Amino acid sequence: MSEHKSLQALFGGTFDPIHYGHLQPAEALAKLAGLQKITLMPNNVPPHRPQPEASAAQRIKMVELAIAGNPLFNIDLREMQRDTPSYTFETLEALRAERGKQQPLAFIIGQDSLLTLHKWHRWQELLTLCHLLVCKRPGYDSKLETPELQRWLEEHQADTAEILHRQTAGRIFMADTPLVSISATEIRERRHRGDACEDLLPAAVLAYIDDQGLYRNADPRGILRR
Ligand code: ATP
């Protein structure tokens with residue numbers, strides 16, 4: 001039995017590194033959707049993507065530094081604690097089993113992730129476990145790839161945030177969050193070129209990146225460092 005039933009929102013990502021493109025839309029989303037807490041969940045071996053440049057420990061540390069003193073956020077390390085691919089479906093299934101059927105759950109993604117959601121493991125079943133909260137992201141189509149996918153989206157779309165609290169899963173909330181044109185790829189590339197990144201991520205995270213010499217060498221996949 002869970003002791004509290006307020007909508008619980010998870011925000012998964014590689015966070016290589018975490019940046020304002022994660023933090024600013026998430027903060028705006030919290031206001032729009034009435035979220036008390038957002039749980040950042042760094043993933044371990046993302047199945048659809050190349051391996052991160054920073055180590056797991058470094059990515060965790062960067063998330064911790066980014067959210068220090070901000071009561072909206074906390075961190076969940078469950079995906080980091082396994083050495084197999086972290087499928088969102090399985091993580092949410094475990095969380096649902098822990099929290100019980102009455103707990104409203106939500107998973108936060110950016111528009112780019114929504115566009116590739118149909119390639120995720122057991123994607124159609126995700127809505128049996130949670131709501132999806134979608135943040136805008138500049139440069140990505142607002143419509144899904146096929147009319148069928150677009151229809152699926154419209155059928156599940158939440159008209160208001162209120163329903164996210166009343167139902168435990170099953171809705172897609174397209175949040176009117178600010179457009180933040182930042183990606184971790186851009187930050188890594190800027191670092192490799194020796195360009196400034198001050199406006200793109202919290203100062204404490206940047207100081208840590210400097211201290212660790214992260215994203216600095218001309219060896220983006222870290223082969224020479226092994
Ligand atoms: P990379 O450039 O390495 O692919 P990323 O910047 O997209 O990384 P991730 O950690 O892969 O960051 O993203 C985690 C989640 O955050 C995804 O759901 C993604 O859609 C979302 N996200 C990342 N950047 C933004 C942004 N600028 N605006 C809105 N959502 C974002």
Side-chain angles (χ1 to χ4, degrees), residues 9-30 38-70 72-77 79-80 85-86 88 107-117 119-120 133-142 175 177-226:
L10 285 145
F11 189 10
T14 313
F15 304 126
D16 183 28
I18 189 163
H19 53 70
Y20 287 139
H22 300 120
L23 298 166
Q24 289 169 356
E27 293 205 26
L29 173 67
I38 292 179
T39 300
L40 297 168
M41 196 170 52
N43 52 24
N44 189 6
V45 190
H48 317 294
R49 307 191 35 179
Q51 289 301 298
E53 255 186 84
S55 70
Q58 287 170 325
R59 290 184 295 119
I60 293 169
K61 185 69 190 171
M62 291 190 281
V63 172
E64 285 172 351
L65 288 167
I67 64 176
N70 186 338
L72 176 62
F73 295 105
N74 61 12
I75 180 165
D76 184 319
L77 297 180
E79 292 198 340
M80 286 293 201
S86 31
T88 302
F107 193 74
I108 300 171
I109 55 176
Q111 180 66 19
D112 56 310
S113 300
L114 179 68
L115 294 175
T116 57
L117 192 79
K119 297 179 180 150
W120 290 22
L133 312 182
V134 184
C135 295
K136 291 182 185 252
R137 188 167 188 180
Y140 292 91
D141 238 331
S142 60
T177 51
L179 292 169
V180 183
S181 170
I182 300 174
S183 70
T185 303
E186 181 198 353
I187 292 172
R188 294 194 301 273
E189 287 175 357
R190 291 180 74 84
R191 294 281 306 173
H192 287 303
R193 291 197 304 266
D195 292 346
C197 293
E198 269 70 22
D199 299 336
L200 311 181
L201 70 178
V205 179
L206 190 54
Y208 178 79
I209 288 174
D210 271 330
D211 183 61
Q212 298 283 304
L214 265 172
Y215 316 121
R216 256 290 143 85
N217 56 19
D219 167 32
R221 297 264 71 85
I223 292 157
L224 302 175
R225 275 183 285 141
R226 283 186 199 137

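All residue numbers in this chain count up from 1 along the given sequence. Owing to the predicted nature of the structure, the values given are computational and were not obtained by experimental measurement.
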Next on the checklist: Do Met80 and Arg59 make a side-chain contact, defined as non-hydrogen atoms from C-beta onward lying under 4.5 Å apart?
Outcome noted: yes
Checklist entry - Taking atom types as modelled and ignoring hydrogens, do the side chains of Tyr215 and Asp16 form a donor-acceptor contact shorter than 3.5 angstrom? => result yes
Checklist entry - With Asp195, which residues qualify under salt bridge (charged side-chain N to carboxylate O under 4.0 Å, His left out), at least two apart? => result Arg193
Checklist entry - Is there a donor-acceptor contact under 3.5 Å from the side chain of Thr116 to the main chain of Lys119? => result no
Item to check | Selection residues 201-212 - residue pairs positive for salt bridge (Lys or Arg N to Asp or Glu O under 4.0 Å), sequence neighbours left out | outcome: Arg191-Asp210
Checklist entry - Quick one: side-chain contact (heavy atoms from CB on, under 4.5 Å) partners of Ile75, sequence neighbours excluded? => result Pro42, Ile60, Val63, Glu64, Ile67, Leu77
Next on the checklist: Evaluate Glu198 against Leu206 for side chain to side chain contact (heavy atoms under 4.5 Å, CB included), listing each step before the verdict.
Outcome noted: CA-CA 7 Å; Glu198 269 70 22; Leu206 190 54; 3.7 Å; yes
Checklist entry - When you look at Leu201 and Met62, which way does the side chain to side chain contact (heavy atoms under 4.5 Å, CB included) test go after all the steps? => result CA-CA 10 Å; Leu201 70 178; Met62 291 190 281; over 6 Å; no
Checklist entry - Excluding sequence neighbours, so at least two apart, what forms side-chain contact (heavy atoms from CB on, under 4.5 Å) with Pro138? => result Leu179, Ser181
Checklist entry - From His19 NE2 over to Arg188 CZ, what is the distance, rounded to the nearest 0.5 angstrom? => result 8.5 Å
Checklist outcome for this item: One should read off an interatomic distance between Ser183 OG and Arg190 CZ, to the nearest 0.5 angstrom, of 10.5 Å
Checklist entry - Partners of Ala175 by side-chain contact (heavy atoms from CB on, under 4.5 Å), sequence neighbours excluded? => result Leu29, Leu32, Phe173, Thr177
Checklist entry - Quick one: does His22's side chain get under 4.5 Å of Leu40's, heavy atoms only? => result no
Checklist entry - Atom OG1 of Thr14 and atom CG of Asn44: how far apart are they, to the nearest 0.5 Å? => result 10.5 Å
Checklist entry - Going from CZ on Phe11 to CG on Leu133, what distance comes out if it is rounded to the nearest 0.5 angstrom? => result 10.0 Å
Checklist entry - What distance do Gln58 atom CD and Ile209 atom CD1 have between them, rounded to the nearest 0.5 Å? => result 9.5 Å
Checklist outcome for this item: For Pro17 and Ala184 the tightest heavy-atom approach is O-CB, 3.7 Å
Next on the checklist: Just to verify, what does Ala66 make a side-chain contact (heavy atoms from CB on, under 4.5 Å) with, not counting sequence neighbours?
Outcome noted: Ile18, Leu23, Pro202, Val205
Checklist entry - Say you draw a straight line from CG of Asp141 to CG of Asp112; how long is it, rounded to the nearest 0.5 Å? => result 12.0 Å
